Protein chains: 2
Amino acid sequence: MRKISLKKIAELAGVSVATVSYALNDSNQVSEVTRAKIKKIAAEEHYVPNLSARNLRTSSSNLVCAITNTYQGNFNGDVLQEIQNIFGRAGYQLLAVSGQIPSLVRTNMIDGIIMLNYRGNQTELQNLVDSINKPVIFMTNEIKSDNAASIVIDNDLGIKYLVETIHQSIHQKVCFITGDSNSYNSQRRLNAAKKYYTKLFKKNDFEKHVYSGNYDPTLSFELGKKFIRLNRYNSFICFNDDMALGIYHAASQLNKIVGKDISVVGFDNSFESGVISPGLTTIDVDKKAWGQEVVNQYFKLKESGSKHTVTTLKPKLILRESVNIKTD
Amino acid sequence: MRKISLKKIAELAGVSVATVSYALNDSNQVSEVTRAKIKKIAAEEHYVPNLSARNLRTSSSNLVCAITNTYQGNFNGDVLQEIQNIFGRAGYQLLAVSGQIPSLVRTNMIDGIIMLNYRGNQTELQNLVDSINKPVIFMTNEIKSDNAASIVIDNDLGIKYLVETIHQSIHQKVCFITGDSNSYNSQRRLNAAKKYYTKLFKKNDFEKHVYSGNYDPTLSFELGKKFIRLNRYNSFICFNDDMALGIYHAASQLNKIVGKDISVVGFDNSFESGVISPGLTTIDVDKKAWGQEVVNQYFKLKESGSKHTVTTLKPKLILRESVNIKTD
DNA sequence: AGCCTGTGCACCGTGAAAGCG
DNA sequence: CCGCTTTCACGGTGCACAGGC
């Protein structure tokens, strides 16, 4: 099929290109009769506007780019899907990319950026945000700039819930398994973990009990196998649900029962956390509300170019059977 | 920061726009000295080419669009990530979208399309592929067109392995839980399931034992709970791993042990299938090889516009402990 | 003549200001 | 003022060509 342009439609309709442009963009510069005629022809010829040309002319698009570290894992997939839905309803098209920041986003083909779990040099990121002239929303970061906003989870509160829960268990030999060290969420969770561990357990040896799990379930599996066998730890605070599953696996291999012999908690409320047995105690954030807030802030930034804001979402504790709570 | 164009660089370098264009595109129409000077200035000014303008002129880009039904679930995330990596290494930028087919892909901003699990009207899809003038690769479909190719899993073989495995178990009351009815993979698996069930179990009542699970673990959980309680079935062939987890959950609620009291098999070899206890017997496809083949076919199509081909990938059986094999 | 280096210009499709009967 | 046309600019590409050796 040949490409149809405004020019071709103009020829077919016997009018000028400008008239066609006006007609299709619902400008009142054209009579109703002509508009109807032009629209009919456009539909018949399956006219699709050339976005490159339009963008070149107007320097704007309805394309928003979501940059993430990976498509894999429950968390990213769930959040991306939610953001996509909400932007879609607002008339925007979300394009997801993973890995490097594409040079694409520096061109005016892209109207704005959503950053989800991007791992990269902070100063580079700061430079990008400062030099780029469009809204950037961070979901797991707090880069400060006039055209940026952050909507983040209250990691402190989430970790508080988890440490409190473990503190009420019969398993007081507690171990922390973190995400990768350049993850914003993992860093925040680590700070909170230290704070609440020190406060509740009244000990100053936090660092001795922290292990890097890199958000990777096979790593946590190895750690769990070692620690459970040695009886070094009997409770595991994992910074995401996937790693908690690794601990489940280790326990099962060693014939230990989660929720009885050991306690485990996770973070994210992935669908597996509710489906596995015993159910995993974890932290939930309302992803719908999160996505909605991202889009709200996006439009605010786009219209007013307001000052940098950080919005915090309150998470919820999802109490299931993976923790053996003290009865007294 | 102000936008830098070729024109600005040309002024700064004291040469013409054409020379700048040649220099930056490594054409040999320009001397090494001039090229170096121009490149230096471009770097200093943080020049970023305007992709819209370039695309408008050349009608080509390095952008490939991956269309999927959702970012959620293990399967899509894993495959998208793999494709992204391989296209990235080949100098292409992958843009992922989920949901509707964006009008974007009909413009020449997009160089080609990868279709992963797109659910939509087949004739509409056929029209799109026929009318669009760029490579389309299907990973879960077999649309025939000169500019399309399919690289699909051998679902027949995968299901054969699973039915054979269950046939060797002590659990002969077998039930099939399918994906959603407009999924290509689910349809193929259904056909294969009928064939091998009829052949091995020597029965003609296949349809009575098929239930729609919609690839949704909560649905399979409900089905499993009902059937296990009634002792209607004792083995479950699920068309993906997520639904198999739903059966695990149901079994655990009813104090039945998977791999002993009931048998369960899945499809996809998700990471949870290996981490859960007992390990889930499932079907694996080499996603790296799949992604590589997709990119190979993409380039073939792009260069030669060859005839439609269907490539089939052989899956592997991953035998774990979720099936209680007969010992004799 | 031929080679090297650089320039002028038409063009892609769209949107909108200015002009005109 | 209405309804339409003419014209131009957006940024980049690459052909045709020019001038020097």
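Remember, it's a predicted structure, so these values are computed and weren't measured experimentally. In what follows, every chain begins at residue 1, and chains take the letters A, B, ... in the order their sequences are listed.
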Side chains of E44(B) and I4(B) in contact at under 4.5 Å (non-hydrogen atoms): no
Any donor-acceptor pair under 3.5 Å from T34(B) side chain to V30(B) backbone: no
Rounded to the nearest 0.5 Å, the CD1 atom of I101(B) sits from the CD1 atom of I113(B) at a distance of 7.0 Å
Determine, step by step, whether Q122(A) and Q126(A) satisfy the side chain to side chain donor-acceptor pair (under 3.5 Å) criterion, reporting the C-alpha distance in whole Å, the side-chain angles of both residues, the deciding distance to 0.1 Å, and the verdict. CA-CA 6 Å; Q122(A) 288 285 301; Q126(A) 182 78 52; over 6 Å; no
Once side chain to side chain donor-acceptor pair (under 3.5 Å) is applied, do any residues pair with T107(A), and if so which ones, sequence neighbours excluded? none
Tell me which residues in residues 21-36 of chain B put a heavy atom below 4.0 Å from DNA chain D, sorted by number, or none. S21(B), Y22(B), N25(B)
Are side-chain heavy atoms of N50(B) and N108(A) found at a separation under 4.5 Å? yes
End axis versus end axis in the helix from dG2(C)-dC21(D) to dG21(C)-dC2(D), the angle rounded to 10°, five pairs used at each terminus: 70°
Short question: side chain of S150(B), backbone of V152(B) - any donor-acceptor pair under 3.5 Å? no
For nucleotides 8-11 of chain D, give me every protein contact, N/O to N/O, under 3.5 Å, one pair per line with atom names.
from    : atom 1 : to     : atom 2 : distance (Å)
dG11(D) : N2     : A53(B) : O      : 3.1

Heavy-atom side-chain contact between I153(B) and M139(B) under 4.5 Å: no
Chain B reaches DNA chain C, atoms under 4.0 Å from its heavy atoms, from dT5(C) to dG13(C)
Once you apply a heavy-atom cut-off of 4.0 Å, does V15(A) come out as touching a base, just sugar-phosphate, or nothing? sugar-phosphate
Is there side-chain contact between V20(B) and R35(B), with heavy atoms separated by less than 4.5 Å? no
Got a list of side-chain donor-acceptor pairs under 3.5 Å for residues 83-93 of chain A, not counting sequence neighbours?
from   : atom 1 : to     : atom 2 : distance (Å)
Q84(A) : NE2    : S98(B) : O      : 2.4
N85(A) : OD1    : Q81(A) : NE2    : 3.3
N85(A) : ND2    : Q81(A) : O      : 3.3

Among I114(A), V79(A), N76(A), find the one that has a side-chain contact (heavy atoms from CB on, under 4.5 Å) with T68(A). N76(A)
Could you walk me through whether D26(A) and K39(A) pass salt bridge (charged side-chain N to carboxylate O under 4.0 Å, His left out), step by step? CA-CA 10 Å; D26(A) 287 325; K39(A) 284 204 169 182; 2.9 Å; yes
